[in-house]
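For this chain, numbers begin at 1 and follow the sequence in order.
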Amino acid sequence: MKSDTATAEAVDAPHRYTSALAADIERRWQQRWAEDGTFEAANPVGALAGSTPADGRPKRFIMDMFPYPSGTGLHVGHPLGYIATDVYARYSRASGHNVLYTLGFDAFGLPAEQYAVQTGTHPRITTEANIASIRTQLGRLGLSHDPRRSVETIDPAFYRWTQWIFLQIFNSWYDPDADAARPIDELVGRFERGEKDTPEGVGPWAELSAVERAEVLSGYRLAYADDAPVNWAPGLGTVLSNEEVTADGRSERGNFPVFRANLRQWKMRITSYAQRLLSDLDRLDWPEAIKIQQRNWIGRSEGARVEFPVEGPDGEAGEHTVTVFTTRQDTLFGATYMVLAPEHPLVDAIVPAQWPEHAASAWIGDAATPREAVDAYRRATQTKSDMERQAADAKEKTGVFTGAYAVNPADGRRVPVFIADYVLMGYGTGAIMAVPAHDSRDFAFARKYGLPMQVVVEPPAESGLGTDPADWEQAFDSYDATIVNSDDSSEGGVSLNGLTVTEAKRRMAEWLESTGRGAATVNYRLRDWLFSRQRYWGEPFPIVYDEDGVAHALPDSMLPVELPEIDDYSPRTFDPDDRDSVPETPLSRNEEWVEVTLDLGDGPKRYRRETNTMPNWAGSCWYELRYVDPDNEKALVDPENERYWMGPSDGTDARTGDPGGVDLYVGGSEHAVLHLLYARFWHKVLFDLGHISSDEPFRKLFNQGMIQGFVYRDERGFPVPAAEVEEIDDAYYYQGEKVSRELGKIGKSLKNVVPPELVYDEYGADTLRLYEMAMGPLEVSRPWDTRAVVGSFRFLQRLWRNIVDESTGAVTVVDEPADEVTLRVLHKAIDGVRRDFEGLRFNTAVAKAIEVNNHLTKAARPVPREVAEQLVQLVAPLAPHVAEELWTRLGHTTSLAYEGFPVADPALVADETVTCVVQVKGKVRDRLEVSPSISEDELRDLALASEGVQRALDGAGVRKVIVRAPKLVNIVPA
């Protein structure tokens, strides 16, 4: 029931802008935009071609990061980025751009599958219901999306092309001579013509069987299957990426133990693109913080490859060699032992049957044989994540002697070979030369196991370390020092003594290469991308296997390989601690789907489908291309449409000039590495193969901040419902008990969710839009305050009141010229708002619009039409529904979506005069009102002639006049 006051207001001001009127306006305009196709963007060619796709207007492609349709719906923090891109899209249309702007859904993945398992409802049903719910919630905001271009990754029409892209990658290799991906058939041709040798140890191409050839090509393909150590979570029944494992070795989702296991998995050879992914960051308009994260993830290191021969059982040179990568080849003489990752493939080959004589007891523990010691240690390290193993602050380094020795190639000394969990297969070669005197991890390991230390980088005298590392508390690691104890006087040896670190690194690299014992090289921290998941809810691979286990790509005519509808879509889970379990995928249980007879060009044969599915990253790696051409059934994207929306702006080669890509991509910084890196990789492969003209997917990136919420906790630390907390005398109470308040995320578990519907219902969507844009800089996180929303609502009410009579509903503007003061206020705002919109500074744009409106409220009633219309246009990108309604009431019959955005008159933007401060001996003696364009000579003459200056000088001469036109003159008396 309405209060008496509200009822009285409804009678006295029946045409006031209220929540009810806002809801009516928003509903009507959203319906009209949809019926008129107001925001449909035309392509140059194809199904979405129109009469004005390339009519001379510049284009803008504006995107939000793919939302994931969670089952909890949206809260008021979610729309922030969508509102911002919509404001920018609306401003861009009004400023003369053809704008591509839409939104789709990234709908495959583990969360949806787990929710389906918990509820017993098929993931497609729950996912589609969530998508519909989010569409409804976002729809009330009036976002100016082109609905024809929206996509969902779970649509077979979409993932057909995800599968097609996978096959392009599968059927490609990275040609180092071209520094680009090339079709695998070109590599086959080189093998057949003898232009390229097969790998060492493999016979001539012509003599290889089909299985052997497939194995050779697998070593080059950009998508390949390989046995590799992976993160296996038995409690989830699936393999996880490193990023899905917490620092304490548990699954991010479900908190299950994660073990290292060797499984055959699909991978992407993203490492081939490491240098291009690194170098091309410099060509992107991205936040520097994001670039730094990507550079660190790629992790380029310059150093050397060093070969350490492993001794055979008789102490002579054996058949195996351990290859290490080091950035400190200058310290090779200081390498006193070696460490391999426990999962290094060479470990099994070098472990002897018995312990060698004189092996220290600390090295071998209680094991009777090296094999027992190695196996026990491997089991003990299976539960540790890579982050745990690499933790710099780990209190204790552990390892075990393999029983084998290698030879230091610099001086011929025997060095024992250990395995230890602080060395990873994922970095370098999975083996290190240990220089304990000059590396903190090696120092700790050597100190624990009584291994020798050799000083080769001389500590300065002032360090007080001395020359015996046995007396040191920590390793000495410095680039600003001299090399010592590094001389092999034998024939062909090398001496580094007396050199700086830089000089020694160069000389050692040259010596290694000249003797065939290594070479200077570059290494990357980046590892190949694990691309298999042992779950149901994902894109099927377009791969089948013949009776010999050889993988075959399906032809385009057999795409999409649709995900079958099955009753049991749960991955087989195991006891969370069962480290010996083996994945069983849901698809593998559907024998009718798995076992198929196909004709792949050589007659009908029996094949077995791949039963893993793709990771949730797959669809988001390329969705920007599908936005461009969503209805194309013949190609991933029409080249002309892609070139128009994403091609290089200067028409040059995207590899060397403008890389092309989406003009603005907005999303959270949490996707700084993986999504962006994977999308860049796929895009570059497609560019190399000639399918697209742009070399990068996202030309400009902007990271929005987060809207946070206050979390209230009781004395136990448990969250209590934020909506039920009362503030009394600067303290907070829930059901009479005092609670604490802190700022944090908005979430259901924290009991501080504010659904956007609450704001819609009380104030309208335009108010929510305006408030979120006004809260602060877009890139900065800020707290949600429901009480402050009313301020934005009142601004819209005042705007409405300045144009519409609340009693009669009549428009009150007048067709009379505005006074000069009002025009100056307006045009300064126009100039500022334009620059703010271009720079995504929406909070300051709101402030400028409010300033104009406040001026009109106080000084310009009734409002001149020319001012009212331009103010409405300024507000339109921010609060489009009320702006459209006012525009119509002002007598216009068409939507203002494409009305030209106001342009400021430079003469009205410039200040008429500025105040010039005149100083004598640093003290202010006068103030002059002068033209902003006054010259230095004119200003000097005016200042010297002013009364204040004449009084201060009192007849004294002038030694110097310093002029900073137009705002400062400083006079120094003689």
> If every non-hydrogen atom of Ser144 is compared with every non-hydrogen atom of Tyr101, which pair is closest and at what distance?
Replying inline: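 Here Ser144 and Tyr101 meet closest at O-CD2, 3.3 Å.
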>> Give me the atom names and distance for the closest heavy-atom approach of Tyr760 to Gln137.
In response: OH-O, 3.0 Å
> Among pairs that include at least one residue of residues 868-889, which meet ring-ring contact (aromatic ring centres under 6.0 Å, His included), considering only residues two or more places apart or in two chains?
Replying inline: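 Qualifying pairs, neighbours excluded: Trp33-His881, Trp887-His892.
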Assess whether atom [atom1] of [X] is packed by more than 12 heavy atoms of other residues, nucleotides or ligands within 6.0 Å.
| X | atom1 | value |
| --- | --- | --- |
| Glu838 | CD | yes |
| Glu633 | CD | no |
| Arg28 | CZ | yes |
| Lys745 | NZ | no |

Tell me whether [X] is salt-bridged to [Y], with the criterion being a basic N under 4.0 Å from an acidic carboxylate O.
| X | Y | value |
| --- | --- | --- |
| Asp905 | Arg824 | no |
| Glu696 | Lys684 | yes |
| Arg148 | Glu40 | yes |

>> Tell me if the centroids of the rings in Phe105 and Phe66 come within less than 6.0 Å of each other.
In response: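 They do not qualify: ring centres at least 6.0 Å apart.
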> Lys828 and Asp911: salt bridge (Lys or Arg N to Asp or Glu O under 4.0 Å), yes or no, with the steps?
Replying inline: CA-CA 9 Å; Lys828 285 184 178 181; Asp911 291 324; 2.4 Å; yes
Can you find a pair of side-chain heavy atoms, one from [X] and one from [Y], that are under 4.5 Å apart?
| X | Y | value |
| --- | --- | --- |
| Asp761 | Arg140 | yes |
| Pro630 | Leu48 | yes |
| Leu799 | Leu886 | yes |
| Val814 | Arg865 | no |
| Leu701 | Asp285 | no |

Please report the interatomic distance [atom1]([X]) to [atom2]([Y]), rounded to the nearest 0.5 Å.
| X | Y | atom1 | atom2 | result |
| --- | --- | --- | --- | --- |
| Leu778 | Asn703 | CG | CG | 9.5 Å |
| Leu826 | Leu874 | CG | CG | 6.5 Å |
| Asn130 | Tyr68 | CG | OH | 9.0 Å |

> Which pairs pass side chain to side chain donor-acceptor pair (under 3.5 Å) with one or both residues in residues 772-784, sequence neighbours excluded?
Replying inline: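 Output for this query lists Trp784-Thr786.
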>> Go through it in stages, so that I can follow the logic: the residues are Asp280 and Arg655, the test is salt bridge (Lys or Arg N to Asp or Glu O under 4.0 Å), and I'd like the CA-CA distance, side-chain angles, deciding distance and then a yes or no.
In response: CA-CA 9 Å; Asp280 288 348; Arg655 182 75 185 268; 5.4 Å; no
> Can you tell which of Asp86, Asn843, Val87 makes a side chain to side chain contact (heavy atoms under 4.5 Å, CB included) with Met773?
Replying inline: Val87
> Looking at Asp663, Leu664, Val662, Leu284, which one forms a side chain to side chain contact (heavy atoms under 4.5 Å, CB included) with Lys700?
Replying inline: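 Answer after filtering Asp663, Leu664, Val662, Leu284: Leu664.
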> After noting the C-alpha distance and the side-chain angles of Lys634 and Asn632, does the key distance pass the side-chain contact (heavy atoms from CB on, under 4.5 Å) rule?
Replying inline: CA-CA 6 Å; Lys634 298 181 179 179; Asn632 196 326; 3.8 Å; yes
> What's the verdict on salt bridge (Lys or Arg N to Asp or Glu O under 4.0 Å) for Asp658 and Arg699, showing C-alpha distance, side-chain angles and the deciding distance?
Replying inline: CA-CA 9 Å; Asp658 171 24; Arg699 174 189 278 114; 2.8 Å; yes
